[in-house]
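The structure appears right after this line, and notes come after that.
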Amino acid sequence: MKPLQQLTRPNIWSLAPYSSARSEYSGRIANVFLDANENPYNAPYNRYPDPLQHEVKAILSNIKGVPEECIFLGNGSDEAIDLVYRCFCEPGKDNVVAICPTYGMYEVCADINNVEYRNVMLDERYQIDADRLLAACDDNTKVIWLCSPNNPTGNNLDREEVVKVVTQFQGLVVVDEAYIDFSNETSIARQLYKYPNLIVLQTMSKAWGSAAIRLGMAFASKEIIDLYNKVKYPYNINELTQKQALQRLSDTHAVEQWVKILLLERDRMMLAFSELRICQQVYPSDANFFLAKVDDAQQTYDYLVDRGIIVRNRTRVKLCQNCLRITIGTKDENNELLGALRSI
Ligand SMILES: *Cc1c(COP(=O)(O)O)cnc(C)c1O
C-alpha cells in the first residue's frame, strides 16, 4: 500500500476539522451544559447527540470483533460511500475501478464528485478476476470497489480473489458487505488488522431490519477512520437513530431468527421460480434476494405491477438482460408473487 498521505486529497490531509461543543468537552462528569447554545427545555430532544456515537460503537465493536476506533457510522452506507470520494479522490484527476454489474451508488457518487469510474466486467458466473481488476488500474487509481455478496447478482465474490486484490493493490479496496449476515462467508472485517488498505462497509438496512433509521458502518484502520471523522458532518447520526440502534443491536436473537426464516423462504422461492414456465434461469444467491432470468423481464414486471407486486427489473443492467431481482418477503408476500406468476 502507498502511504495513506499519498492516497488522501491534500486539502483533506491538512484539514483542520470543525470542533463542536460536544467534542471539545471530553467526558468527565458534568451536569450543567451551557456550552452549545441548546434550549434547556424539551428534553431529551433539546441536546445535540454524541458526535462519535460512543455507545453504539461499543456494542458494534463486540458484535463485529472490530475495535471501536476502527468503526465509522454514517447516515446509511451511502454516506460512507460518498466519503471515500471526498477523502481520497481528487475531482478531474483520480479514478476508481469497480466490478460490473454492482450496486449503483458507487458510480453515482463518482459522477457527483467528478471522479472517473472504470468498469471491469464480472465473468459469466458473476465472479471476479483479480488480475483483470488490477490491470485496469493506473497511478491515479485510488480505490477498487468490491461488493460481496454482490448486488444485483446475489453471490459471494471468491474470497481468494478478493484477498489477492487487497494484498496486491497499492491503493484502497472497499468491500461492501451489506448482505454479509445472510451469507455463509465470514466477514472480511475480521481480518482488518492484516490489511491497512481495506475498508469494509456494512449496514443496518438489511438483515437488521432498520432501513428507516439510516445507519451504515465502515470498518477500517484507525488512520482511515480518523480521516472520515474529520470530513463527516459533526452530528451525522441523530439521537433517535442512535437510541433505536442501541435497542436493535441489544437483541441479536431476533436478527438470527429473521435471517433463518428468510434463507428458508429464499430457497423455497428459488426452487419455485426454477419451475415457472417463464423462468429460464435462477442464479445462486448468498443474500436475501435472488436474480432470475425470464423470457421477457419488462413484460413480467409490468404484469406484476398491474397486480400491485413490485420486483426490481434489472434487464438494462450489463450481464443481467431479462433478469428480475426478487427480494424475499414474508411467506404471504412470497406466495402472492408465486400465485401471480403461476397464473400467467
Ligand atoms: C442496500 C445496500 C446498501 C445499503 O445502503 P444504506 O445506505 O446503508 O441503506 C449498501 N450497499 C449495497 C450493495 C446494498 O445493496
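Just so you know, ligand 1 is whichever comes first in the structure, and atom 1 is the first atom listed for that ligand.
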Scan for side-chain hydrogen bond (donor to acceptor under 3.5 Å, both in side chains) pairs involving residues 159-172, sequence neighbours excluded, and state none if there are none.
Asp131-Lys164
Can you name the closest pair of heavy atoms from Cys89 and Val96 and give their distance?
SG-CG1, 3.8 Å
Does a side chain donor of either Glu265 or Asn288 reach within less than 3.5 Å of an acceptor in the other side chain?
no
Closest heavy-atom pair, Lys93 versus Asn140, reported as atoms and distance to 0.1 Å, is O-CB, 3.7 Å
Centroid-centroid under 6.0 Å between Phe182 and Phe289 rings
no
Search all heavy atoms of Thr327 against all heavy atoms of Asn334 and return the closest pair with its distance.
O-OD1, 4.5 Å
For ligand 1, run through the N/O pairs with the protein that fall under 3.5 Å and put one pair on each line.
residue  : atom   : partner : partner atom : Å
ligand 1 : 7 (O)  : Ser77   : N            : 3.0
ligand 1 : 7 (O)  : Asp78   : N            : 3.3
ligand 1 : 7 (O)  : Asp78   : OD1          : 3.4
ligand 1 : 7 (O)  : Asp78   : OD2          : 3.4
ligand 1 : 7 (O)  : Arg214  : NH2          : 2.6
ligand 1 : 8 (O)  : Ser77   : N            : 2.7
ligand 1 : 8 (O)  : Ser77   : OG           : 2.8
ligand 1 : 8 (O)  : Thr203  : OG1          : 2.7
ligand 1 : 9 (O)  : Ser205  : OG           : 2.7
ligand 1 : 9 (O)  : Arg214  : NH1          : 2.9
ligand 1 : 9 (O)  : Arg214  : NH2          : 3.3
ligand 1 : 11 (N) : Asp176  : OD1          : 3.4
ligand 1 : 11 (N) : Asp176  : OD2          : 2.7
ligand 1 : 15 (O) : Asn151  : ND2          : 2.8
ligand 1 : 15 (O) : Tyr179  : OH           : 2.6
ligand 1 : 15 (O) : Lys206  : NZ           : 3.3

